[in-house]
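First the proteins, then the strands, lettered A, B, ... as listed; each starts at 1. Keep in mind that what you see is a predicted model, and the values were worked out from it rather than measured.
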Number of protein chains: 2
Amino acid sequence: MRRHYPIEMILRDAFTVLRTRSLPNLVQEQIERMILDGTLSPGEPLREAALANTLGVSRGPVREAFRGLEEKGLIRVEKNCGVQVRTLSHIEADQIYEVRITLEALIGRKVTENMTRQGINELTAILDDMAIAAEDSNVHPYTSLNLAYHDTLARLTGNPQLHETYRRLVSQLSLFRRRAYLHDMQSMALSLREHRAIFQAIADADGARASELLRDHAEDSRRRLHDALLPSDVPD
Amino acid sequence: MRRHYPIEMILRDAFTVLRTRSLPNLVQEQIERMILDGTLSPGEPLREAALANTLGVSRGPVREAFRGLEEKGLIRVEKNCGVQVRTLSHIEADQIYEVRITLEALIGRKVTENMTRQGINELTAILDDMAIAAEDSNVHPYTSLNLAYHDTLARLTGNPQLHETYRRLVSQLSLFRRRAYLHDMQSMALSLREHRAIFQAIADADGARASELLRDHAEDSRRRLHDALLPSDVPD
DNA sequence: TCGCCGAATATTGTCAACAATATGCAATAT
DNA sequence: ATATTGCATATTGTTGACAATATTCGGCGA
């Protein structure tokens, strides 16, 4: 993907990395990635020394990273007993959805108010990729693009606080062991249609409709959470 | 305020403290308190060594506390340049208000659905204290009670995620140097009436009205933020 | 055989020393 | 006189060692 960049830009990047990225920061991001992509499963214990060895750093930075992740709600720290990847009960997941649904409605309104040409292009690109993934029934890429689409919407509201609040909730939701909701081509096609409808409402500057569609979309997700859970009442 | 408690309860408390509170935790809470009550002002630099000395601990726990506070959005950490209490621009404060207003509406609806006898009592007690503070024109106690009232509403929704999300935003808002909004007896009296109206709607199980009143109440705050800011355009 | 106690081990909590980087100040050169 | 360079100091970044606590496992007694 990366094309040739002028040397100054590369240097500026390297400079920025050295300037802002400290060991605790990198460690935190790395652990967060491993949690969100499932390398580390909810409930799994995290040992300071082991992680420090794996990442080639001392325990200090790892401990600092833990504090950040705890505040982010991604891990659970119990004094003298170690830390685990946080497990999310279906009740907690449902409670998060309740907040998320409200935020989606706000996002729909604000992103429409704030939409730019650049934003339209970004969303179009994501939708195109989603179409390809849906066509090929590639579940994992589709799921990633789905997350990217909604995250992009939150960002394009132009309200970083809203974006951050939204991200926080979504990242915690990923702790809930997700039975593959979108597993067949039909559900992906349906999902794609919904995302296109949302895009259309935004492009038409119809904030009320975008808001409504996004809220409904999130409510569907919440309903799928219930449906996937209630029948199979055996956890694990 | 504290009354006599049975010895078992005290012991259990002490046990709980030792069990769950680690040094980094206590340090973080202490610094957070100092930030929220204004002992540490926005923009003020925080020196690891100095804080460690003051609190009688080593720099390690202080650094860990910093990570947590950074994730909470209360401080700003710049590599090799130290950490400051975060400053909130009026733009950021406004953006936070936008999210908060939406959450207040949700809180109004949920707290009404979820209200209990115990909750009614808690709110009544706070309102009574507010009335006394307003009567005496005691600004500081009134402000605290105001915060407590809204925080209690968020808690009584029975949705900890909603409560936590709300708290996060409110605590960041306290970073915005607050020109004393409620300075005279009239505005306190008005505020008290609004809080009583919200309570009444909840007690009447009128969720829609509680939601509307809370949203309006937050929108008023946001408007006061603008009004207090635009005339005096000179920052500091 | 089952349950309890205690030592050994592993893991986390805390600290102080060392390294790297930034800041402030003084001296020098233009 | 001003700007720049180099040094001294202060502050943060990282590490490894030591202390405290939990967990595990083997032995002992009922």
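No donor-acceptor pair closer than 3.5 Å links the side chain of B:Arg59 to the backbone N or O of B:Glu48. A:Gln172 places a side-chain N or O within donor-acceptor distance of the main-chain N or O of A:Lys72, the cut-off being under 3.5 Å. Of the possible polar contacts, one joining the A:Tyr149 side chain to the A:His195 backbone as a donor-acceptor pair under 3.5 Å is found.
Atom CD in A:Glu78 sits about 15 Å away from atom P in D:dT21, given to the nearest Å. A straight line from CZ of B:Arg67 to P of D:dG13 spans 7 Å, rounded to a whole angstrom. Atom P of nucleotide C:dG13 and atom CG of B:Leu55 are separated by 19 Å, given to the nearest angstrom. The CD atom of A:Glu64 sits 14 Å away from the C1' atom of C:dG13 (whole-angstrom rounding). Atom pair B:Leu46:CG and D:dA10:P shows a separation of 20 Å (rounding to whole Å applied). D:dT12 atom P lies 11 Å from atom CD1 of B:Ile75, rounded to whole Å. Atom CG in A:Leu23 sits about 17 Å away from atom P in D:dT12, given to the nearest Å. In this structure, CG of A:Asn80 is placed 17 Å from P of C:dA10, rounded to the nearest angstrom.
Distance from the side chain of B:Arg59 is smallest for C:dA17 among the nucleotides D:dT15, C:dT14, C:dA17. Closest approach to the A:Arg63 side chain among C:dT12, D:dT14, C:dC15 is made by C:dT12 (side chain taken as heavy atoms from C-beta onward). Among the nucleotides C:dG13, D:dT15, C:dA22, the one closest to the side chain of B:Cys81 is C:dA22.
Looking only at atom types and distance, the side chain of A:Gln28 has no donor-acceptor partner in the side chain of A:Glu64 under 3.5 Å away.
No contact: A:Val83 has no heavy atom under 4.0 Å from any strand. B:Arg47 comes within 4.0 angstrom of sugar-phosphate atoms only, judged by non-hydrogen atoms across all strands, and of no base. Across all strands, A:Gly82 comes closer than 4.0 Å only to sugar-phosphate atoms, never to a base (heavy-atom distances).
A:His150 has its ring centre less than 6.0 Å from the ring centre of A:His217.
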